[in-house]
Visitor: 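Let me give you the structure first, and then I'll get to my questions.
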Protein chains: 2
Amino acid sequence: MSDKLLEMETFVRVVEAGSISAAAEQMSVAKSAVSKRLSDLEARLGVQLLARTTRRLNLTDSGRAFLAQSKEILAAVDIAESTATGSRGLIQGKLRITSPLTFGLMHLNPAIREFMRLHPDVRVDIDFSDHQRDLVHGGYDLGLRIANLGDSQLAARPLTQIRRAIVASPSYFKDKALPKTPKDLLELDCLHYSGASDSRWVYISPNGQKGAIEPIARINANNGAFLRDMAIAGGGVINQPTFNIYQAICSGELITLLDDYCWQELTACIVYPKTHYLPLRVRAFIDFLTEYFDRDEPYWEREIAQAVKQ
Amino acid sequence: MSDKLLEMETFVRVVEAGSISAAAEQMSVAKSAVSKRLSDLEARLGVQLLARTTRRLNLTDSGRAFLAQSKEILAAVDIAESTATGSRGLIQGKLRITSPLTFGLMHLNPAIREFMRLHPDVRVDIDFSDHQRDLVHGGYDLGLRIANLGDSQLAARPLTQIRRAIVASPSYFKDKALPKTPKDLLELDCLHYSGASDSRWVYISPNGQKGAIEPIARINANNGAFLRDMAIAGGGVINQPTFNIYQAICSGELITLLDDYCWQELTACIVYPKTHYLPLRVRAFIDFLTEYFDRDEPYWEREIAQAVKQ
DNA sequence: TATATTGTTCTCTATCAAAGAACAATATAG
DNA sequence: CTATATTGTTCTTTGATAGAGAACAATATA
């Protein structure tokens with residue numbers, strides 16, 4: 001007898017991924033295996049669930065109904081198993097995460113190492129990318145997002161505020177005056193992050209008024225680390241989240257400009273599919289990260305504050 | 001990854017069967033396999049579901065909860081699969097039946113052969129016994145019962161009325177007078193079915209009055225075929241269901257006595273566990289049998305009626 | 001029209017589950 | 001109270017089978 005649950009799981013994944021190849025990729029098995037599971041399932045039921053050309057998959061009516069029931073069943077199994085183990089156990093399986101590139105590379109490594117130390121049976125599959133992946137479609141358990149999001153399909157758990165700062169290398173100002181107002185930035189070499197939806201640099205001035213400038217980008221790049229290193233090398237002025245530049249600020253490689261202005265903040269969030277049941281490993285990881293990135297003051301803010309004091 | 005559904009199914013069966021050995025027997029696998037499935041499941045969950053000594057099984061609290069959820073899930077899977085196939089398909093799997101001995105041997109053979117011809121993927125496991133098996137405990141899909149039952153735990157579908165007749169061999173009356181009233185039977189050699197709950201022979205007389213006699217059993221036996229053959233051989237008078245003796249009546253080997261009395265009738269029923277979902281093969285078999293044993297007039301009654309005409 | 005990508009099919013292999021015997025533990029019978 | 005039967009576990013051997021990987025067919029896209 002074949003493994004019915006595995007067949008159902010495969011079927012669901014194929015539908016959500018949109019193709020057999022993608023589902024195979026996500027499940028880390030050969031696509032021949034996925035193809036076989038699917039056709040075995042259909043043979044057993046004697047019904048075609050997916051009308052497939054080589055290029056496109058379409059749910060049949062039977063398939064649509066079976067899909068819904070399969071999801072229910074898979075969730076029920078998860079629930080049954082986790083209630084059986086109680087709170088203490090069964091944090092296991094593969095955790096599929098998508099994370100913004102720079103933030104992930106700079107701050108996720110130790111967090112994940114610690115989480116995996118706590119839960120030896122968890123494996124992790126991370127996709128670093130500044131493209132916002134479709135969680136369901138991509139088969140991700142959760143994603144990190146740095147945005148002021150209003151995504152409706154997903155549940156979101158705020159992690160911490162992301163402050164920004166305008167910084168440049170001290171050497172950059174050897175022959176230039178420090179800016180006094182945001183407008184002064186327009187005269188300088190601004191290095192801009194091209195991934196942002198808004199090409200302006202938005203601020204609140206010391207007297208509480210909102211404002212924005214549209215910097216003339218000397219360089220556009222879709223990678224924060226690149227912009228940071230360029231600024232450190234004296235390439236110009238950047239507007240970047242503090243998590244990216246705190247080390248350079250502490251070391252003095254970068255100095256903050258227009259300190260009394262408050263540059264548009266973002267929120268770091270964990271997003272995950274709004275499902276009535278969340279696998280234990282996902283819940284555990286969310287709780288862990290929430291703890292890890294102290295909501296009020298993440299460690300990079302503390303380090304900056306300390307450096308300023310000295 | 002192990003087959004979670006198979007583990008759940010095994011767990012449920014072990015609990016209902018009351019022992020690992022019995023469950024293995026019912027599932028037609030080695031008990032070592034059942035034992036392993038169970039301990040694998042517990043290991044995976046990290047929880048003991050069944051506290052087992054070598055002699056007794058006890059559900060733990062976790063086990064009790066997991067049992068209920070497992071049943072739900074297994075039923076959900078069945079439902080999902082059969083709705084997917086629609087009405088037309090997936091009548092397959094092993095049909096576990098328990099049937100009364102004589103009735104089963106005389107009348108079930110062609111019925112089951114026909115059913116299996118219609119549904120090639122069905123296998124059948126029959127237990128012939130006049131002991132009323134516990135369906136759930138014994139892991140049966142359904143049972144045939146010949147009784148005026150009021151069993152509450154089970155759902156029942158009436159098949160047909162079972163008429164009775166008092167018969168004996170013509171040769172038996174070579175030197176005896178035929179009985180005129182039930183009381184006259186007390187003077188004859190009555191051969192009694194010892195499996196009945198009631199040791200009396202109950203009747204309604206031609207004028208509509210109820211009555212009963214307590215025959216003095218010359219022979220007690222718990223097998224109807226044996227009693228029939230004994231009567232044919234001239235051993236005495238029997239009170240037996242017509243399904244058992246119709247051939248002998250038609251052939252003249254047995255003659256009916258006290259024809260104008262109506263001897264207590266029984267009802268042939270199919271009983272099955274009152275579950276919210278019935279596997280398709282079970283439903284199909286029930287429908288088939290209902291059709292097969294025409295409720296109003298089963299074929300043996302028709303044959304008797306024909307023989308009487310001639 | 002050429003190319004890339006998709007799903008299927010095939011064979012080969014490694015894995016894993018079941019069988020079956022041997023064993024340990026515990027009711028039951030005499 | 002001892003002998004026996006029955007139960008669940010453990011171990012090794014064996015067989016089935018699911019997955020890998022390549023080759024293929026079909027279809028979008030450039």
Side-chain angles (χ1 to χ4, degrees), chain A residues 1-60 63 67 92-94 123 125 137-139, chain B residues 1-60 63 67 93-94 121 123 125 137-139:
Chain A
M1 182 65 78
S2 52
D3 188 331
K4 296 180 181 181
L5 275 193
L6 184 60
E7 287 177 349
M8 287 184 173
E9 212 174 314
T10 305
F11 171 57
V12 171
R13 196 91 299 282
V14 167
V15 172
E16 291 189 338
S19 85
I20 291 183
S21 299
E25 167 75 14
Q26 290 171 19
M27 302 180 89
S28 316
V29 293
K31 60 179 178 173
S32 62
V34 173
S35 171
K36 186 153 181 303
R37 284 181 198 165
L38 211 55
S39 46
D40 283 357
L41 174 61
E42 290 180 328
R44 202 161 52 73
L45 297 180
V47 163
Q48 190 167 40
L49 301 172
L50 281 171
R52 37 195 188 281
T53 71
T54 40
R55 211 64 180 188
R56 191 142 222 87
L57 298 179
N58 271 322
L59 272 172
T60 64
L67 178 73
Q92 61 175 16
K94 184 183 281 181
R123 282 163 305 128
D125 202 337
H137 188 268
Chain B
M1 181 65 75
S2 52
D3 187 332
K4 296 180 181 181
L5 274 193
L6 184 60
E7 287 178 348
M8 287 185 173
E9 212 174 315
T10 305
F11 172 56
V12 170
R13 195 91 300 282
V14 167
V15 171
E16 291 189 338
S19 84
I20 290 182
S21 300
E25 167 75 14
Q26 290 171 18
M27 302 181 88
S28 316
V29 293
K31 60 179 179 172
S32 61
V34 172
S35 171
K36 186 152 180 306
R37 286 180 197 164
L38 211 56
S39 44
D40 283 356
L41 175 61
E42 290 180 328
R44 202 161 53 74
L45 298 180
V47 162
Q48 190 166 40
L49 300 172
L50 281 170
R52 36 194 189 281
T53 69
T54 39
R55 210 64 179 187
R56 191 141 222 87
L57 298 180
N58 272 322
L59 272 172
T60 63
L67 178 73
K94 185 183 281 180
D121 295 333
R123 282 165 304 130
D125 201 338
H137 188 268

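Order of the sequence lines sets the chain letters (A, B, ...), proteins ahead of strands, with each chain counted from 1.
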Visitor: Would one find a side-chain N or O of R52(B) under 4.0 angstrom from OP1 or OP2 of dT9(D)?
Guide: yes
Visitor: When you measure from the side chain of E42(A) to the backbone of L49(A), do you find a donor-acceptor pair of N or O atoms at a distance under 3.5 Å?
Guide: yes
Visitor: Using only heavy-atom distances, decide whether a donor-acceptor pair under 3.5 angstrom links the side-chain of S32(A) to the base of dG21(D).
Guide: yes
Visitor: Among the candidates dA19(C), dG7(C), dG19(D), find the nucleotide nearest to the side-chain atoms of V29(B).
Guide: dA19(C)
Visitor: How long is the line joining CG of L57(B) and P of dT6(D), in whole Å?
Guide: 17 Å
Visitor: With a cut-off of less than 4.0 Å, is there a side-chain N or O of K36(B) near OP1 or OP2 of dA17(C)?
Guide: yes
Visitor: Check the distance between dA16(D)'s C1' and D3(B)'s CG and give it to me in whole angstrom.
Guide: 15 Å
Visitor: Rounding to a whole Å, what distance do you find between L5(B):CG and dA17(C):P?
Guide: 15 Å
Visitor: Is the side chain of S35(B) donor-acceptor paired with the backbone N or O of K31(B) at a distance under 3.5 Å, no angle test?
Guide: no
Visitor: Output the rounded distance in Å from CD (E42(B)) to P (dT10(D)).
Guide: 11 Å
Visitor: Base, sugar-phosphate alone, or nothing: which one does L38(B) contact when heavy atoms must sit under 4.0 Å apart?
Guide: nothing
Visitor: Please determine, for the side chain of A33(A), which listed nucleotide (dG7(C), dA20(D), dT7(D)) has the closest atom?
Guide: dA20(D)
Visitor: Using whole Å, report how far CG of L50(B) lies from C1' of dT7(D).
Guide: 14 Å
Visitor: Tell me the interatomic distance from L49(B), atom CG, to dG8(D), atom C1', rounded to whole angstroms.
Guide: 16 Å
Visitor: Just how far, in rounded Å, is P of dT26(C) from CG of N58(B)?
Guide: 14 Å
Visitor: When all nucleic acid strands are considered with a 4.0 Å heavy-atom cut-off, which category describes L6(A): base, sugar-phosphate, or nothing?
Guide: sugar-phosphate
Visitor: Any sub-3.5 Å donor-acceptor pair from T60(A)'s side-chain atoms to L50(A)'s backbone N or O?
Guide: no
Visitor: Compare the minimum distances between each of dA18(C), dT8(C), dT9(D) and the side chain of I20(A), then state the nucleotide with the smallest one.
Guide: dT8(C)
Visitor: Would you call E7(B)-K4(B) a salt bridge at under 4.0 Å N-O?
Guide: no
Visitor: At under 4.0 Å, does any side-chain N or O of R37(B) touch on OP1 or OP2 of dA18(C)?
Guide: yes
Visitor: Salt bridge check, R13(B) against E25(B): does any charged N sit closer than 4.0 Å to a carboxylate O?
Guide: no
Visitor: What nucleotide, of dG21(D), dT6(C), dT7(D), holds the atom closest to the side chain of A30(A)?
Guide: dG21(D)
Visitor: Paired with dA26(D) by Watson-Crick or G-U wobble geometry, both distances under 3.5 Å: which nucleotide is it?
Guide: dT5(C)
Visitor: Take the protein atom CD of E25(B) and the nucleotide atom P of dT6(D), then report the distance between them rounded to whole Å.
Guide: 13 Å
Visitor: Give the nucleotide from the list dA19(C), dT6(C), dT10(D) with an atom nearest to the side chain of S35(B).
Guide: dT10(D)
